[in-house]
Amino acid sequence: MMQRWIRWSAQRWHQSWRRWSLWSLLVLLVAGMLVTQVWLAGRYEMTEVQQRLDRETADAITDIRTAFNNNVTRLRAMPRYDEDAMAWQSSAAELLRNHRDLAHVEWRDTQLQIVAAEESPFLSLQWSGVDRTSTNTESNTACIRAQRSGTASYAGSYFLSQGNGTGLELLELCAPVQTGERLHGFVVVTYILQNVLSDLVNDSFRRNHELSFTEPDGTRLAIISTPRRGSRVFTSSQLLDLPGATLMLRVDSWHSAPNVLPNVMTALVTGMSIALVTVLVVLVRDNRRRLKAERDLGDALAFRKAMEDSLITGLRARDLHGTTTYVNPAFCEMVGFSAEEILNPARSTPYWPPELAPEYARRQRMRLSGQTSPTREGYESTFMRKDGTRFPVLIFEAPLINAAGLHTGWMSAFVDMSEQRRIEELSRASQERLQATARLATVGEMASLLSHELNQPLAAISSYATGTLNLLPDDAPPAELQEHLPDVRMAVQRMAYQAERAGKVIKSVHDFVRRRGQTLELVAPQELLDAVLPLVRLQARKLQVQVMTVVVPDVPAVYCDRTMVEQVLLNLSRNGMQAMDHADCEERLLRIDVRMASQQGQRAWVEFVVADGGQGISDAVAQQLYTPFFTTKDEGMGLGLSLCRTVVEQHGSHLVHNNNSPQGTIFSFTLPTWRND
């Protein structure tokens with residue numbers, strides 16, 4: 001019996017302990033919720049008070065700024081002192097009577113000298129401690145600033161002592177008075193910051209708060225206090241940004257501690273009842289959203305997988321340690337390795353060429369350490385396919401940011417540049433063939449001119465040789481031979497000169513045809529002109545055109561492809577001379593100028609200008625001027641200007657044309673003095 005009672009008592013105690021523990025837990029939960037609600041309600045009330053104070057402070061700033069702007073309008077509407085001094089003084093006195101926040105009004109001439117002044121009738125200020133005539137005063141600086149901007153400007157505030165340890169903080173405004181562009185003078189008014197707070201701020205707001213003007217660093221300039229009505233202080237500061245001066249309006253407000261307990265108790269019971277129903281609804285909706293989110297996530301993953309499989313751009317993801325975590329099929333096809341081979345931690349970069357692997361590893365370590373940041377412009381590199389062939393790639397990298405905003409790695413995009421390089425090489429070879437064809441066509445056109453030009457030195461050589469033979473007959477005595485020796489020497493020298501002249505003409509054509517170099521080199525502009533001038537002058541003599549070259553002294557050498565640039569100069573010169581041959585012009589002058597175009601530090605551009613006096617280029621022709629195979633000549637191919645523009649653009653410049661005065665066309669382009677490739 002005793003044992004049964006003990007077992008029953010133990011069972012009852014265990015059940016009672018469980019019940020009371022559950023109730024205690026419930027009480028703790030309710031108490032915690034109540035305390036939380038009280039704390040949140042108090043925070044809410046404090047936030048509401050602070051937000052209301054911020055809004056009222058902003059409204060006070062608006063009122064002050066509006067009053068200041070109205071005063072500027074009144075100052076500009078006042079009569080000018082230089083027109084009617086009495087009217088100005090009367091208007092200034094009336095302004096001071098109607099505005100207690102103004103202490104002083106001055107009229108200054110255009111030299112900032114004080115001509116007239118009016119004082120406020122409500123107080124008498126002692127100006128003896130203030131120098132208002134020096135050119136370095138704040139008011140003079142504000143007037144100079146206002147004259148430059150054409151609008152009113154404020155000077156920094158200053159303290160004016162009135163003796164016995166008292167004084168006023170003053171702020172000056174300078175407004176220029178002008179008619180059109182003519183300046184008549186300045187109107188300078190002085191604000192009393194204490195009266196600005198008392199007169200320009202709403203009465204109800206001023207009675208319930210403590211207002212003060214402060215410097216941006218917190219130094220108080222003027223203050224209006226009210227009796228404190230609570231133990232908790234709320235502070236709001238707003239910026240009063242004026243042209244030339246900056247003030248802070250600080251508002252302090254005292255409130256008692258929030259009394260929110262009765263409202264919380266009532267809201268708690270209602271809130272708990274609503275919360276139970278709300279929780280069930282939320283759970284059902286959350287479950288539906290979860291199922292929908294899972295379906296959407298599956299669809300998004302399938303869509304992303306299909307999109308990645310359709311890309312021809314290779315994608316690769318790496319973590320912060322440089323380990324490859326993802327590659328798309330396009331990247332695997334590009335390098336010839338499977339995804340398993342690339343994602344294998346033992347050899348995650350099998351596509352790196354062995355001879356470049358140390359350099360790539362060093363570059364990767366620098367990027368992982370943050371010494372270099374990825375750029376959206378991309379950079380070129382070389383990869384190796386599984387069969388060992390190398391190919392160029394263009395790499396773009398961007399940081400991988402997860403949903404929490406953390407940097408987890410890098411995503412790289414790869415573009416295979418093999419096909420583009422092949423096309424560029426074909427284009428370069430085609431360009432070279434076109435250049436050679438153009439040079440040969442030019443030489444063919446010059447053949448008839450060469451025969452005419454070479455006839456002159458050859459005829460001169462023949463004449464000098466005949467004259468020399470006449471001076472040296474077989475039976476002439478030695479004395480007679482000695483007498484004709486100076487004439488013979490002169491004739492031989494003329495013969496050598498004419499032979500050298502003929503050789504230069506032939507050599508210039510030979511060099512022009514055979515020169516094939518396509519590399520950039522440092523060439524003096526005069527050398528470029530010397531190479532093409534013999535060919536230009538051949539055609540100039542036939543067309544009766546005068547060729548004039550002007551090279552600015554000390555013009556630097558340029559980096560260019562010598563052969564291509566010579567072809568450009570020759571084509572432009574020939575086009576200019578042919579244009580003058582078909583036009584009515586009083587003076588047939590082809591002018592070639594070389595001058596500096598621009599310079600920025602060590603980088604400079606040299607401009608080449610070819611000007612003619614032909615018939616010019618019409619608007620209709622200008623629209624198709626650089627189109628391949630478009631020509632206005634009867635026997636032209638239409639490739640000259642197109643090739644010229646291509647060559648100039650390959651050097652980083654543009655071929656432009658303008659009308660010449662009084663007639664004709666000016667073609668110009670620039671070449672760099674540094675390597676820009």
Side-chain angles (χ1 to χ4, degrees), residues 61-123 125-160 168-193 195-196 199-200 213 221 239-247:
I61 286 290
T62 302
D63 293 340
I64 294 174
R65 186 178 286 109
T66 301
F68 279 11
N69 293 337
N70 292 338
N71 286 343
V72 172
T73 303
R74 295 187 185 95
L75 293 176
R76 290 180 172 174
M78 291 174 59
R80 297 207 318 262
Y81 183 86
D82 55 350
E83 286 186 347
D84 192 344
M86 295 297 295
W88 183 88
Q89 292 176 348
S90 175
S91 178
E94 182 181 0
L95 180 65
L96 293 172
R97 285 194 303 271
N98 296 333
H99 297 274
R100 299 176 62 91
D101 53 318
L102 300 180
H104 188 73
V105 179
E106 293 176 351
W107 173 271
R108 298 190 180 189
D109 58 15
T110 57
Q111 303 301 321
L112 299 178
Q113 298 299 317
I114 301 175
V115 178
E118 288 290 329
E119 298 285 341
S120 174
F122 305 106
L123 72 166
L125 300 181
Q126 300 178 9
W127 298 96
S128 58
V130 179
D131 182 12
R132 304 184 63 80
T133 61
S134 174
T135 58
N136 296 323
T137 60
E138 288 283 344
S139 59
N140 283 14
T141 304
C143 289
I144 295 173
R145 188 165 52 245
Q147 181 181 359
R148 292 176 179 174
S149 62
T151 59
S153 179
Y154 293 81
S157 63
Y158 61 93
F159 182 80
L160 180 62
L168 297 172
E169 192 72 18
L170 304 179
L171 176 70
E172 292 186 342
L173 163 69
C174 181
V177 179
Q178 56 188 15
T179 302
E181 297 295 331
R182 181 184 176 187
L183 179 67
H184 300 285
F186 300 90
V187 179
V188 179
V189 298
T190 304
Y191 283 95
I192 305 174
L193 293 183
N195 292 356
V196 170
D199 293 346
L200 301 185
F213 276 126
L221 304 176
L239 178 66
L240 179 59
D241 192 9
L242 302 172
T246 301
L247 297 175

Return the [atom1] to [atom2] distance between [X] and [Y], rounded to the nearest 0.5 Å.
{"X": "S90", "Y": "E118", "atom1": "OG", "atom2": "CD", "result": "9.0 Å"}
{"X": "L173", "Y": "L242", "atom1": "CG", "atom2": "CG", "result": "9.0 Å"}
{"X": "L168", "Y": "I192", "atom1": "CG", "atom2": "CD1", "result": "5.5 Å"}
{"X": "L247", "Y": "E169", "atom1": "CG", "atom2": "CD", "result": "9.0 Å"}
{"X": "L95", "Y": "N71", "atom1": "CG", "atom2": "CG", "result": "6.5 Å"}
{"X": "N140", "Y": "R145", "atom1": "CG", "atom2": "CZ", "result": "11.5 Å"}

Are any non-hydrogen side-chain atoms of [X] and [Y] less than 4.5 angstrom apart?
{"X": "L170", "Y": "S157", "result": "no"}
{"X": "F213", "Y": "L240", "result": "yes"}
{"X": "C143", "Y": "V188", "result": "yes"}
{"X": "S153", "Y": "C174", "result": "no"}
{"X": "V105", "Y": "L96", "result": "yes"}
{"X": "L183", "Y": "Q147", "result": "yes"}
{"X": "D82", "Y": "V115", "result": "no"}
{"X": "I64", "Y": "V196", "result": "yes"}

Which heavy-atom pair separates [X] from [Y] by the least distance, and what is that distance?
{"X": "S91", "Y": "M78", "result": "OG-CG, 3.4 Å"}
{"X": "R97", "Y": "P121", "result": "CG-CG, 3.8 Å"}
{"X": "L171", "Y": "A245", "result": "CD1-CB, 4.3 Å"}
{"X": "D101", "Y": "D199", "result": "N-OD2, 3.7 Å"}
{"X": "R65", "Y": "D241", "result": "NH2-N, 3.8 Å"}
{"X": "A116", "Y": "W88", "result": "CB-CZ3, 3.8 Å"}

Q.
I'd like to know if the side chain of T73 and the backbone of N69 have a donor-acceptor N/O pair within less than 3.5 Å.
A.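 Between the backbone of N69 and the side chain of T73 there is a qualifying donor-acceptor contact (under 3.5 Å).
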
Q) Is the side chain of D63 donor-acceptor paired with the backbone N or O of L200 at a distance under 3.5 Å, no angle test? A)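 Checking the backbone N and O of L200 against the side chain of D63, no donor-acceptor pair under 3.5 Å is found.
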
For residues [X] and [Y], is any side-chain donor paired with an opposing acceptor at under 3.5 Å?
{"X": "H104", "Y": "S120", "answer": "no"}
{"X": "S139", "Y": "R108", "answer": "yes"}
{"X": "D109", "Y": "Y81", "answer": "no"}

Q: Please name all residues satisfying side-chain contact (heavy atoms from CB on, under 4.5 Å) with T151, sequence neighbours left out, ordered by chain then number.
A: R76, S149

Q: Show the numbers, then the answer: is there a side chain to side chain contact (heavy atoms under 4.5 Å, CB included) between W107 and V177?
A: CA-CA 10 Å; W107 173 271; V177 179; 3.9 Å; yes

Q: Under the side-chain hydrogen bond (donor to acceptor under 3.5 Å, both in side chains) rule, collect the residues that match up with E83, sequence neighbours excluded.
A: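 E83 satisfies side-chain hydrogen bond (donor to acceptor under 3.5 Å, both in side chains) with R80 once adjacent residues are dropped.
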
Q) Does the side chain to side chain contact (heavy atoms under 4.5 Å, CB included) test come out yes or no for E172 and Y191, once each step is laid out? A) CA-CA 6 Å; E172 292 186 342; Y191 283 95; over 6 Å; no

